[in-house]
Asker: 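One structure coming up, written as structure tokens, with questions to follow.
These values consider heavy atoms only, across backbone and side chains, with no hydrogens, waters or symmetry-generated copies. In what follows, every chain begins at residue 1, and chains take the letters A, B, ... in the order their sequences are listed.
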Amino acid sequence: LGNMAYSVSAVVVVVLVIVAVVGYLVDRSG
Amino acid sequence: MPSITAVNLAHLHLLLNHVPTVGSVVAVGVLLLGLLRRNEGLKHAALEALFAIAVVTLPVYLSGIAAQQLLREQPGISEDAMRLHHDVALAGFTVMEFAGFVAWVALWQSRRRARAAPGLVAAVTLLSVMALALMARAATLGGEIRHPEIRSELSAGAAEGAGEPQRFLTTRIGMYMVDSPWAWPAAEAVHFLGFSLSFGVLLAVNLRILGVMRQVAFADVHRLLPWGMLGFGVNLVTGMLFFIGQPRQYIDSAPFYWKVVFLMIAGANFLYLTVFKKGWADRLESSLPDKAMAVTSLFAWLAVLYAGRMLPFIGHAF
């Protein structure tokens, strides 16, 4: 369970970072 | 035993599968015409059409997997031919969704600048031509499933390999989603965050149209839309992963149907919110059609949320 929790958290953080970067770039472009 | 709904979905696939191919030929044609004539109206129409095609491509893909589950039980159908069709269709679907997303960003930008950015229009043109090429290949491979008489040597060779389904990318993705201890829960967590992002932004935008926060200019609320669209994109990816992993728990599930139907309505609303003219300049009052649109959008998203949450209870997903 410990490893699973780390993997899930890592995926969530990575996706949120990608969304933040893409969102920032799109927002700045408009 | 195949259910009635699965039969209908297979039929729906045969009807809808022409939209991404024929539709994008027309949309790319209009886009090129707009570029040649330097006509912003034509470019806008093409971008809007491409976004709409990207939305409709979702049920094309989903109903395709339903058809695959159904045909699997019939004699004379090559499982490998279906898996190969599925692989190419997933590639076409992915590029099509990218094209739709970039087309949407171009529309969102041009709301402010009155002109779509040339770089984005070029990117949309390139992506939609790529999507069209992949969709044409997927369509050919799909036709060959039922019509071995048109099967070329090339695709017959590519589809060979009975007994090793792991050779196909979509099969590997599906197996990984089910076998990995963390992939499913991670996708669920991300799916929930994506929904919060999407619904949160659309709630703010639609409430503004309905008359809440009047002191905020609509043009400012409009700036939030890309974040909502990103949440939508995140959910498209994670939702697809669930569906590829466990198609059987969705294809004959009533709440799943409703979810997809309301997603289509929500997608149309998103386009309307991006490009609508009325209310944009008016700081105070939106027109009645705009308000009706806002109510429809909120209702559609709540319905998507409800149907999704009920998948394990009214339906039989875990």
Asker: Using distance alone, with no hydrogens and no angle check, list the donor-acceptor pairs under 3.5 Å between chain A and chain B.
Answerer:
residue : atom : partner : partner atom : Å
D27(A)  : O    : R223(B) : NH2          : 2.5
D27(A)  : OD1  : R223(B) : NE           : 3.4
D27(A)  : OD1  : R223(B) : NH2          : 3.3
S29(A)  : O    : Q109(B) : NE2          : 3.2
S29(A)  : O    : R113(B) : NH2          : 2.6
S29(A)  : OG   : Q109(B) : NE2          : 2.7
G30(A)  : O    : R112(B) : NE           : 2.9
G30(A)  : O    : R223(B) : NH1          : 3.1

Asker: Would you say that L16(A) contacts L193(B) through its side chain, given a criterion of any heavy-atom pair below 4.5 Å between the two side chains?
Answerer: yes
Asker: For L120(B), is it the side chain, the backbone, both, or neither that has a heavy atom closer than 4.5 Å to a heavy atom of chain A?
Answerer: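 Answer is neither: L120(B) stays 4.5 Å or more from chain A.
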Asker: Looking at every non-hydrogen atom in both residues, tell me the closest pair between V19(A) and L230(B) and how far apart they are.
Answerer: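 Scanning both residues completely, I find the closest heavy atoms to be O-CD1, 3.5 Å.
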Asker: Does F242(B) have more than 12 heavy atoms from other residues, nucleotides or ligands lying within 6.0 Å of its CZ?
Answerer: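 More than 12 heavy atoms, drawn from other residues, nucleotides or ligands, come within 6.0 Å of this atom.
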Asker: Which atoms form the tightest heavy-atom contact between M4(A) and P185(B), and what is the distance?
Answerer: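 Heavy-atom minimum between the residues: CE-CG, 3.9 Å.
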Asker: Report the residue from V26(A), L25(A), V22(A) that forms a side-chain contact (heavy atoms from CB on, under 4.5 Å) with P226(B).
Answerer: V26(A)
